[in-house]
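Worksheet: one structure, shown below.
Just so we're clear, the structure is a prediction, and the values are computed from it rather than from any experiment.
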Amino acid sequence: NLQQSDSALIRRFSSLSLGERTVEARLISWQMAWEGIKERPLLGWGPENFILLSNKHYDPRLYDQEAWFDRAHNIIFDLTAAKGVAGTLLLLYLIWLVSRETARKDRFTSLYERAALAAGVAAYFVNDLFVFDNAATLIPIALGAAYLAKSQELPRPISARPVSPRIFYSVFAISIVVFAFVFWRVSIIPARNNFRAHAAWEKLYSSPDKAGALREYEEAASNGAYLDLELHRALADFAVDVKRQGISYGVVLDKKIFDTALAFVGRNIELDPKNARWYVYQGSLYNLVREFDASYSAKAEEVLEQALLLSPRRPQIYFDLAQAKFDQGKIDEAFEILERATRLEPRYQVGYRHKAAFAILAGRDGVAQAEIEHLRQNFAGRGASPDEYWDILADAYFRAKKLREAAELYQETVDFFEKKRASGEAIDRKALAGRYARMAALWAMAGEKNRAYEAALKVVEYDPARRGEAEAFLKTIQRKLP
């Protein structure tokens with residue numbers, strides 16, 4: 001049995017399947033590349049522009065894969081997409097020349113030398129069928145071609161008049177000064193700013209002086225650095241992480257973080273205006289900080305509409321756009337957008353979850369129940385924990401002051417984990433205790449003291465360290481621990 005082999009490589013190959021997620025993603029990315037190649041076959045989309053192609057021809061089946069594809073992970077598709085058929089033919093011609101020279105018996109005195117070059121060419125081509133060209137692959141193939149060319153008869157050297165030593169050394173000195181200046185400006189300064197930005201980014205997560213770290217990061221990222229687009233994006237990621245974890249550093253600093261992130265992403269849009277990614281980032285940031293300025297929802301809608309023009313089949317844009325419309329009170333438009341999103345890829349459960357949450361907040365109980373039942377029948381508990389679905393919806397019910405419905409969803413989640421525990425599967429006991437604690441609070445607020453009491457007992461069972469917390473809670477509902 002190959003899958004029981006002692007070789008990890010053999011086990012890996014024997015387990016490959018077209019249904020495997022990574023394999024499926026590769027095949028889909030190749031299909032996207034093919035659509036782009038058909039659109040611009042001769043000269044392609046330009047170097048490093050695969051992201052523009054993948055945005056336009058994004059396949060919603062990639063909903064649970066990598067969000068942004070900047071490569072097709074296949075040399076033929078990558079090169080043809082970037083440089084067209086012309087560029088691909090030139091590369092294939094180079095490979096053919098190297099292969100032809102390698103096959104000539106009169107070129108080598110050693111069979112090993114010839115075999116090594118042939119193996120190198122074959123390895124280069126096979127490897128790049130599943131990845132993409134970079135320095136690690138291009139340099140060896142170029143060196144191999146150079147090695148083969150060394151035995152070619154060289155042309156006669158071109159005769160030239162001798163140059164006086166004075167002129168030679170003067171030109172040489174000027175060249176050194178110019179090179180040093182250019183090297184300092186285009187290499188040393190950007191590299192130094194990269195190091196400074198990285199150090200400041202680490203401080204953002206670890207240092208108590210967030211304002212100082214933000215100031216350092218902003219200065220380093222604004223003064224010229226390598227990959228400045230990615231430095232701008234990194235701050236936006238930090239802002240989103242902080243907001244979604246419910247962390248606050250005070251209204252003034254929170255707003256400063258998001259204002260800086262918005263300015264950085266706006267700069268990315270100026271530098272890379274055809275990339276939908278930056279419009280999505282900016283729209284998501286606007287949605288998250290609507291509490292600072294209600295007009296941000298309208299701005300989010302505007303930039304996300306632009307993102308849709310660049311990437312019309314990406315579900316995430318529809319979800320963010322629906323949020324922007326919902327926050328402005330455009331309820332029917334928000335639901336219409338979500339309906340379009342779920343039609344793009346019916347297997348993507350996030351669309352149904354969004355519809356359920358919006359329906360709860362809009363008071364459309366019938367719609368909410370229909371979507372929840374759809375999730376229950378098709379997703380929740382079927383290979384995935386229902387907490388991925390019910391936590392957000394329970395929060396929506398809580399915000400809508402429907403405490404019983406929120407508690408029922410928590411009950412469904414803890415029942416799922418109880419069944420796993422009963423079947424012998426390992427569970428995170430402290431995490432489950434936390435869910436029981438939240439459920440106990442919801443039952444208490446809903447007036448269900450007995451159910452709140454039962455949930456509180458479970459908190460102590462799964463996390464005895466919270467006994468004091470449970471006792472304090474039970475006093476509020478006139479109960480005691482046994």
Side-chain angles (χ1 to χ4, degrees), residues 29 32-33 35-60 62 66-72 78 80-84 87 132 186 190 193-194 197 217-218 220-240 258-289 293 295-325 337 341 344:
S29 69
M32 289 160 47
E35 293 301 319
I37 290 168
K38 289 192 295 184
E39 188 174 341
R40 301 183 183 182
L42 185 58
L43 298 177
W45 290 69
E48 301 301 320
N49 278 343
F50 189 84
I51 185 69
L52 306 184
L53 179 158
S54 67
N55 280 338
K56 183 172 183 179
H57 297 284
Y58 182 81
D59 193 314
L62 293 170
E66 185 177 347
W68 305 96
F69 272 82
D70 58 358
R71 293 287 192 277
D78 269 323
T80 310
K83 300 178 178 67
F132 48 86
V186 304
N193 286 329
N194 267 96
Y217 192 94
E218 184 177 7
S222 300
N223 288 338
Y226 293 126
L227 302 175
D228 50 352
L229 292 174
E230 293 304 312
L231 288 179
H232 297 165
R233 177 197 58 78
L235 183 64
D237 285 338
F238 170 77
V240 171
F258 274 95
D259 285 346
T260 306
L262 283 166
F264 276 178
V265 175
R267 178 62 177 151
N268 281 7
I269 291 174
E270 294 175 7
L271 295 170
D272 194 14
K274 295 182 179 180
N275 192 343
R277 185 181 192 183
W278 310 127
Y279 296 92
V280 173
Y281 262 89
Q282 193 172 61
S284 298
L285 287 170
Y286 277 134
N287 277 338
L288 283 172
V289 293
D293 188 339
S295 68
Y296 280 170
S297 293
K299 292 180 179 179
E301 180 180 359
E302 180 183 352
V303 297
L304 290 167
E305 291 281 8
Q306 291 177 277
L308 268 186
L309 295 177
L310 297 169
S311 187
R313 289 169 53 79
R314 189 180 294 276
Q316 178 191 351
I317 301 176
Y318 288 86
F319 301 148
D320 287 339
L321 180 59
Q323 183 69 61
K325 289 180 177 292
I337 290 290
L344 284 174

For this session: Please answer whether the main-chain N or O of Leu52 pairs with a side-chain N or O of Trp45 as donor and acceptor at a distance below 3.5 Å.
Result: no

Exercise. What pair of heavy atoms forms the shortest contact from Arg314 to Ser54, and how long is it?
Worked result: NH2-O, 4.3 Å

For this session: Please collect all salt bridge (charged side-chain N to carboxylate O under 4.0 Å, His left out) contacts where either partner lies in residues 265-278, sequence neighbours excluded, each pair once.
Result: Glu230-Arg277, Arg267-Glu270

For this session: Taking the side chain as every heavy atom from C-beta outward, state whether Val265 and His232 have any atom pair closer than 4.5 Å.
Result: no

Problem set entry | Closest non-hydrogen atom pair, Tyr58 against Ser311 | CB-OG, 4.1 Å

Problem set entry | Positive for side chain to side chain donor-acceptor pair (under 3.5 Å) with His57, one of Glu39, Arg313, Glu35 | Glu39

Exercise. Taking Tyr296 for the side chain and Leu285 for the main chain, is one N or O donor matched with an acceptor at less than 3.5 Å?
Worked result: no

For this session: State whether the side chain of Tyr318 and the backbone N or O of Pro312 hold a donor-acceptor pair below 3.5 Å, judged by distance alone.
Result: yes

For this session: Kindly say whether Met32 contributes a backbone atom to a donor-acceptor pair with the side chain of Asp59 at under 3.5 angstrom?
Result: no

Problem set entry | Separation between CG of Leu344 and CD1 of Ile317, rounded to the nearest 0.5 Å | 10.0 Å

Exercise. In terms of side-chain heavy atoms, does Asp293 have a donor or acceptor partner in Tyr286 at a distance below 3.5 Å?
Worked result: no

Seminar exercise, completed: Value for CD (Gln306) from CD (Glu301), rounded to nearest 0.5 Å, stands at 11.5 Å

For this session: With sequence neighbours left out, write down each residue that passes side chain to side chain contact (heavy atoms under 4.5 Å, CB included) with Ile37, or none if nothing qualifies.
Result: Trp34, Phe77, Thr80, Ala81

Exercise. Between atom CG of Leu53 and atom CG of Asn49, what is the distance when rounded to the nearest 0.5 Å?
Worked result: 9.5 Å

Exercise. Which heavy-atom pair separates Leu231 from Tyr217 by the least distance, and what is that distance?
Worked result: O-OH, 2.5 Å

For this session: To the nearest 0.5 angstrom, please state how far the OH atom of Tyr281 sits from the CG atom of Asn275.
Result: 10.5 Å

Exercise. What distance do Lys56 atom NZ and Leu310 atom CG have between them, rounded to the nearest 0.5 Å?
Worked result: 10.0 Å

Problem set entry | Distance-minimising heavy-atom pair for Ala236 and Ala261 | CA-CB, 4.0 Å

Exercise. Does the pair Glu302/Lys299 count as a salt bridge with the N-to-O cut at 4.0 Å?
Worked result: no

Seminar exercise, completed: Closest heavy-atom pair, Pro273 versus Tyr279, reported as atoms and distance to 0.1 Å, is O-OH, 2.8 Å

For this session: Return the minimal non-hydrogen interatomic distance between Phe50 and Ala33, and the atom names on each side.
Result: CE1-CB, 3.7 Å

Exercise. Rounded to the nearest 0.5 Å, what separation is found between the CG atom of Leu271 and the CH2 atom of Trp278?
Worked result: 10.0 Å

